[in-house]
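Take a look at the structure set out below.
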Protein chains: 2
Amino acid sequence: MLPVIAAEGSPADTEECSIPLVREPVGDAAASGLAQVFRALGDPVRLRLVSLIGAHQGGEACVCDLTAAFSLTQPTISHHLKVLREAGLIDSERRGTWVYYRLVPTALERMAAMLSPPAS
Amino acid sequence: MLPVIAAEGSPADTEECSIPLVREPVGDAAASGLAQVFRALGDPVRLRLVSLIGAHQGGEACVCDLTAAFSLTQPTISHHLKVLREAGLIDSERRGTWVYYRLVPTALERMAAMLSPPAS
DNA sequence: GCTCTATCTTGACGCCCGTCGATGCAGGCT
DNA sequence: AGCCTGCATCGACGGGCGTCAAGATAGAGC
């Protein structure tokens, strides 16, 4: 249940995962954690979910909005949201009847930094 | 039919995929192409392969070097390299007996740009 | 030519993943 | 109370993916 991308202060994480991927060989432990996040993005539906949430008014969207954008059942969308949440890419908050999903910017930024070339 | 973003049937790569993911909703065609690349990175072995190739002397490595870094059979490594090559993340060149693999920097940079926040 | 080495391909196996219908649960309404 | 709506979970099905052993292919050298 713990997000792979540490929310705050996971020391091992900052050492292994915050350097660019191609600077030095990544260990298998770090590779497994990183791969989970990339795998979460490795589905067209989840990619569009992230995009929809990020582009939505106020930076958040409720499940009903998201479900309406696909020709998939609501349990399927809920499953994909769970995968993204467990990868640390999004988080959710319940307000009254609706549950709102929001991106975790630091998670996306860290993945971007991982793919960026070391310096040049 | 749906006026998402993209007209189908054109290589959506170059145009569609260069906008940050969270700026505006991504169409299904672009999402499928993007998801293929993310899925290619969504395996610990392939992630370590990319890391090993990028960190290797001269920016390239032959299969024998890569195979030695894992406790997997050579056909399995060859399979993973094929997945990465079909995703456009690496390319290969045969020199004599050995096949050398090299990263495609623009591919990694584009994925990084996709994950970067629009403005801030 | 033949042989050896390095690499790719094929076929098969098991498991994981995406999807669904059905059900459960929480909160708002009357 | 009762009901209805939004969302999560469960169980199951089918297809895809990672892995392997075995065979095929390419190049170097004799």
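So that the names make sense, note that chain A is the first sequence line, chain B the second, and so on, each numbered from 1.
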Between [X] ([atom1]) and [N] ([atom2]), how many Å, whole number?
X	N	atom1	atom2	result
B/I77	C/dC8	CD1	P	11 Å
A/L81	D/dG6	CG	P	16 Å
B/W98	C/dC4	CH2	P	17 Å
B/E93	D/dA26	CD	P	18 Å
B/L84	D/dG18	CG	C1'	13 Å
A/F70	C/dT19	CZ	P	10 Å
A/H80	C/dC17	NE2	P	12 Å
A/R39	C/dC16	CZ	C1'	9 Å

- Message: Hydrophobic clustering (ILVMFWY, side-chain heavy atoms < 4.5 Å, transitive) - are B/Y100 and B/L66 grouped together?
- Response: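 B/L66 does not cluster with B/Y100.
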
Proximal nucleotide (of [options]) relative to the [X] side chain:
X	options	value
A/L72	C/dC20, D/dA26, D/dA8	C/dC20
B/V99	D/dC7, C/dT7, C/dG21	C/dT7
A/K82	C/dT19, D/dA21, D/dT9	D/dT9
B/P75	D/dA21, D/dT9, D/dG18	D/dA21
B/H79	D/dC7, D/dG18, C/dC8	D/dG18
B/T73	D/dT19, C/dG18, D/dA21	D/dA21
A/T97	C/dA6, C/dC20, D/dG6	D/dG6
A/V63	C/dC17, D/dC7, C/dG18	D/dC7
B/S78	C/dT9, C/dG27, C/dG21	C/dT9
A/R94	D/dC20, C/dG18, C/dA26	C/dA26

Considering only heavy atoms and no angle criterion, is a donor-acceptor pair shorter than 3.5 Å present between the side chain of A/Q74 and the base of D/dA8?
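Result: at least one qualifying N/O pair found.
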
Does [X] reach a base, just sugar-phosphate, or nothing at all? Heavy atoms under 4.0 Å.
X	result
B/R85	nothing
B/R95	nothing
A/Y100	nothing
A/Y101	sugar-phosphate

Check against side chain to side chain contact (heavy atoms under 4.5 Å, CB included), B/T76 and B/H80 = CA-CA 6 Å; B/T76 298; B/H80 286 304; 3.8 Å; yes

For B/R48 and B/V50, indicate whether the former's side chain and the latter's backbone hold a donor-acceptor pair under 3.5 Å. no

**OP:** State whether B/Y101 and B/R85 meet the cation-pi test: NZ (Lys) or CZ (Arg) under 6.0 Å from the six-membered ring centroid, and within 45° of the perpendicular axis.
**Re:**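 Judged by the rule (NZ or CZ under 6.0 Å from the ring centre, within 45° of its axis), B/R85 is not positioned above B/Y101.
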
Between A/V45 and B/C64, who's closer to the 5' end of DNA chain C by nearest nucleotide?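 Looking at the nearest nucleotide for each, B/C64 comes out on the 5' side.
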
Margin query: Quick check on D/dC20: is either OP1 or OP2 less than 4.0 Å from any side-chain nitrogen or oxygen of B/T76?
Written below: yes

Between B/D91 and B/R102, is there a salt bridge with N-O shorter than 4.0 Å?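 Counted as a salt bridge, because a side-chain N and a carboxylate O are separated by less than 4.0 Å.
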
_So B/L81 and B/I77, do their side chains get closer than 4.5 Å, heavy atoms only?_
yes

